[in-house]
Amino acid sequence: MRSDTPTLLGHFERMLLIRGVEDEIARLRTAGDMVGSIHLCSGQEAVYVGAVAALDLSRDAVFPTYRGHGWALACGVPPEALFAEILGRVTGINGGRGGSAYFTAPRYGMYGENSIVGAGAPIAAGAALAAAFDGSGRVAVAAFGDGALNQGAVHEAMNFAAVRGLPVVFVVENNAYSELTPIADMTRNPELFRRASAYGMPGGRVDGNDPDAVARAMETCVRRARGGGGPALLECVTQRIVGHYIGDAQRYRPAGDLDRAVAAEPIGRLAERLTAEGVAAGELDAIRSRVADRVRAASRLALDSPPADPATALEHLYA
Amino acid sequence: MRSDTPTLLGHFERMLLIRGVEDEIARLRTAGDMVGSIHLCSGQEAVYVGAVAALDLSRDAVFPTYRGHGWALACGVPPEALFAEILGRVTGINGGRGGSAYFTAPRYGMYGENSIVGAGAPIAAGAALAAAFDGSGRVAVAAFGDGALNQGAVHEAMNFAAVRGLPVVFVVENNAYSELTPIADMTRNPELFRRASAYGMPGGRVDGNDPDAVARAMETCVRRARGGGGPALLECVTQRIVGHYIGDAQRYRPAGDLDRAVAAEPIGRLAERLTAEGVAAGELDAIRSRVADRVRAASRLALDSPPADPATALEHLYA
Amino acid sequence: MPDLTLLPAGAAGTAIETKRLSYAEAVNHALRRALRERPETLLFGEDVAKPGGVFGVTKGLHREFGDRVFDTPISESAILGGAVGAAMFGRRPIAEIMWIDFSLVALDQLVNQAPNVRYVSRGAVTAPITVRTQAGNGPGACAQHSQNLEAFFAHVPGLRVGMPSTAQDAYDMLLSAVWCDDPVVVIENRTLYHGAKSDVRLGGEVGPIGGARVRRGGSDVTVVTWGAVQNLVLDAAEELAAEGVEAEVLDLRWLNPLDLTAVQEAVARTRRLAVVHEAHTFGGFGAEVVSLVAESGLDLLAPPVRIGAAPARIPSAVSLVPGVLPTRAKIADGLRRLVRGETVRDAGVLR
Amino acid sequence: MPDLTLLPAGAAGTAIETKRLSYAEAVNHALRRALRERPETLLFGEDVAKPGGVFGVTKGLHREFGDRVFDTPISESAILGGAVGAAMFGRRPIAEIMWIDFSLVALDQLVNQAPNVRYVSRGAVTAPITVRTQAGNGPGACAQHSQNLEAFFAHVPGLRVGMPSTAQDAYDMLLSAVWCDDPVVVIENRTLYHGAKSDVRLGGEVGPIGGARVRRGGSDVTVVTWGAVQNLVLDAAEELAAEGVEAEVLDLRWLNPLDLTAVQEAVARTRRLAVVHEAHTFGGFGAEVVSLVAESGLDLLAPPVRIGAAPARIPSAVSLVPGVLPTRAKIADGLRRLVRGETVRDAGVLR
Ligand SMILES: Cc1ncc(C[n+]2csc(CCOP(=O)(O)OP(=O)(O)O)c2C)c(N)n1
Ligand SMILES: Cc1ncc(C[n+]2csc(CCOP(=O)(O)OP(=O)(O)O)c2C)c(N)n1
Ligand SMILES: [Mg+2]
Ligand SMILES: [Mg+2]
């Protein structure tokens, strides 16, 4: 079953919003308004939008990585709160305490990026463990990259979730690289989803540049988990169309690799599909300019906010 | 190809030695000559004797767990040095610094027990990594229990070894329990060797109560690794016929479980086979009494040694 | 985050009574009470449920509380991470790390994860986990099963750290930990588990974490200590008393929050400070206590003294251990020299 | 263990010369020299080989040394355990842990494994690994990428720990670490990597590990410090000099082995001690320095002072960070009050 056009238009707008925010962040970082190492997710939007479409954010919980802007926006975090967070403003979603790589937005079902590779996986399993007791029907999503699969904590989390039948979906954002190193050089079995069988857990692979395909695969996993069927591993094959960090010259990508990734990126692809389904070019353009306006306004709002106050820096360490 | 009778007689004697040493340790611990938590390997002897038979100890390196007495004796560590170590005597293989669970005997190719579950696996991979540079042709053996497979470090070690094609054999001593908990309750896929495929590495299972079968499977793995074929995972199915520690009442074992394990234990089984192959009862008895004498003498020698001197306790921390 | 209303302490009507209990039994009673009174508690770790724990500390709890008490794979990152995640959603996980040495395979969860949850979210999410573990040397234990690592945890802002050394404290401090809304590490000691029984007051109000206790009065020297080594300190104090020197023994109990007032008042009284811990002296938490006193500007009669483990790994042989760890004799000797005004430094602190 | 004969230092004929180098370039030169002169060295870690390191520190080394320099999976236990195992068999692994915060997923190998190898075997096997990592806060970094954890490593007997803060030290100390037969952790600082260049003497004899350095003379107060914060200390010292107060700045460089003589001599001269580190004050290594001085019985003019991070996690916003970490102003203020004889304690040390 394929999604209907309004649903796809929703995906299109969300993906555009993510892309627009990332582009604006790149601009702000390059201009020096933002500082430090920032990881953009451009090219991978379909994973976030598709996966979140399958969730019930009033009770489900998402645990992304440092590359988490897309997850946050897909969950509904307002772009102004995201910009402000990375800018270190008092209006940031965590008042500047988290920053680009480690913010959290529990109100939106986004329970924290994690800048320690793999560390979110057992925490997500814990969220699912709570669900086994609180009757919430919560499903937890642990999202991480291809490279994270080689981290011990991810292995432990998958076995733990499998043996206890916990409602967690492990989403692998396979973008072919871990920082500057191809995953193909770092593990022998390129079909990452096959690791699931080691834990007696179902695993599968989906086109991570098709939000619709991701949503449908994710629905299967979520339904199963919510129904007591236990965890699953969903590998979403995608690509970054930007560097690992802003300023990354991507010299480690072989010739043509980036071009191919750009050609396959999900937003243009979905635009083509929508056009083929009869959506008028004008309608798509209207969405594009609405999103652009939203991004611009949000960025301005965030830039106009005051910086976080150092006098508050010692608050909230203990209860 | 099955081994010839003299080889099997050698296995028989080695296994008897291990069993005899463990029985004597149990006696000494119960009598109070030895202290602390001691993990015996009775019932699992075929794994050690079989695996070591496939090694060239002049260059290969074994990394066992805290349950390492059997590995040490199979490698040729003199029983008196082992007794003395556990007794805390100056003549102990490490002068009493290691104790039952963490001694090392590099002269014998036994490069250290490890009492941190799984920690020996990456170290063994490192020994294999050295082999890639020193032209020694060394194969490293990482031995650990069924429960250890759920530890992050073991996962990392296997992927690391697989991706670099390192000459290491991962030997799983699947004795069905991790301390007091059945492995069947702690992972969904009871065929532990199947985890190998996650790393694109061969894996297999062997009857771990048949030293001959273990030796032949191990030879395949070792030959492959030494020839540059990379690592493998060998699951040896066996059982403890004693508690996890001395004094363990084993109430966690279901009715009949221990009896079945005793009935299947490798020494009696090999005696039957040898008898069937025409070895006279008297010859087996002669071996039994030779081993018993050796154990008794070794124990006495160790007991007669002086305790380690506290004035030396600060030596050898730094170069 | 779901808004789970916590039952008030004692709500399940735990009777106030006194029982003669071992340290292990006191822990067991505290766990049972927590599981009874706070339905949101969970108890898990390796071998804690069906087998009742490798030291028998959690005996009977799985039977009484069913699935809320469960065994885990040998996966410390999953145990601690699972605790953090469950705590973020209203559970009160009590996770066991069987030996403190094993926490090192999963320390990330206790340093990079648990203590950040509240801070980064400004209280919107919290991670009130209790980690029970046990530390220290015991006869025949190896170098990987003998360490005292409280200094690691005490250096992590956002983590609370306690080390009970009596059965009463094993009970009280564990309950305070579970009731506390911060992540707390409670470091027990297996050599105490099955020792002599003592009277333990059960069922009283659960107090807040924190607070040192004077274990022995004395006016000549203040010994600040924590953990099982306290018993050696008390023995050494008796030895000195026979020589006319009265040592005050202050059990710190909680390293975080640290009861600085108690330390300062005690040292101000005796004007001599010794700190005794089983952990390695160099870089150990004893240095924090000495520094806090030094910074206070209290006028001491003699330089302060630390007595802890000398720089070595911990050997297994029972005869070797006194070459490394503090002993009653080393403690008594250190205190004697402190009172005589001699500068004391364990020859082995630096190497 | 195979008997691998090590080439003597300088054997490959490294020319003695002086070059203007950044800190990162100095590290790169040291690594290149080690790889050239000691064929048994290996260099590995995440992104260190083909990409040349996420900070560009290991650029060109894979090209020059081929398979001896390689990239690893994101598997810190495999990296450190692999280093330990390779070192036991005659290699000299130089392993990179990209951020010191990440060491916490694999600390077992640095606490329970590497330092035990020599001790338990009484020298029959050794594990001379060098772990390069980098620590500290930088603009915009999050709580999980900002910590200073040297206190953890310094508390582990058997591990050597150094923190270079100049380009020359980045070169010298790393070589000393690789040449040293103990496991050594060298903690670099990424905010220093690409700073101003300075003259670095290359190719000289590789010295043993250890030894503090006076970075600035002064007679009024001794500031013991280490790591990148030293630059703030030097700035604060200049500020004070303008007010007529001369601070001596002693860079400890090595926490283990610790140059106690240098500390004692310096403090004996000025009779005032401040310790400044970027790490959290509470339970930090500054306490060890203060304690060693206190135990020495040196007669100080004023109580010692520690200046470090206040108890909080490290926030990301640049504006928040000065609320937690030491700043030039906080350091200058602390020193001023120390010289005036006021009792100084960071209000935030205990909470
Ligand atoms: C435990 C740990 N090790 C290393 C790092 C450094 N690091 C940050 S991102 C990254 C690459 C992750 O690759 P992948 O999992 O594929 O995710 P991606 O960045 O591609 O989204 C690494 C190695 C870290 N943050 N944590
Ligand atoms: C990291 C770590 N976690 C927990 C333990 C405690 N422990 C010691 S032995 C053991 C069980 C190991 O089971 P298995 O791997 O099956 O080996 P077996 O004892 O059966 O030989 C456990 C959990 C430990 N030593 N290290
Ligand atoms: Mg990736
Ligand atoms: Mg087992």
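Convention: sequence-line order gives letters A, B, ...; per-chain numbering from 1.
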query: Looking at side-chain heavy atoms only, is the closest gap between Thr133(D) and Met98(D) below 4.5 Å?
result: no
query: Got Arg336(C) and Ile331(C) here, is their nearest side-chain heavy-atom distance under 4.5 Å?
result: no
- request: Show your working on side chain to side chain donor-acceptor pair (under 3.5 Å) between Asn137(C) and Gln147(C) and close with a plain yes or no.
  value: CA-CA 7 Å; Asn137(C) 179 251; Gln147(C) 294 168 99; over 6 Å; no
- request: Assign the ring pair Phe285(C) / Phe282(D) to parallel, tilted or perpendicular, where the plane angle (0 to 90°) is split at 30° and 60°.
  value: perpendicular
message: Suppose we screen for ring pair (Phe, Tyr, Trp, His ring centres under 6.0 Å). Which residues come up paired with Phe152(D), at least two apart in sequence or across chains?
response: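 Listed in chain order: Phe152(C).
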When heavy-atom pairs shorter than 4.5 Å are enumerated against chain D, which of [options] gives the highest number?
options                                    : answer
Val290(C), Val111(C), Leu110(C)            : Val111(C)
Ala106(C), Pro315(C), Ser77(C), Ser316(C)  : Pro315(C)
Ala279(C), Ala287(C), Pro115(C), Gly158(C) : Ala287(C)
Gln109(C), Gln113(C), His155(C), His280(C) : His155(C)

Which region of [X], side chain (C-beta onward) or backbone (N, CA, C, O), has a non-hydrogen atom less than 4.5 Å from a non-hydrogen atom of chain C, or is it both or neither?
X         : answer
Glu76(D)  : neither
Val289(D) : neither
Asp299(D) : neither

- prompt: So which part of Ala294(C) gets closer than 4.5 Å to some heavy atom of chain D, the side chain, the backbone, both or neither?
  reply: both
field: Donor-acceptor side-chain pairing of Gln144(C) and Asp101(C) below 3.5 angstrom
entry: no
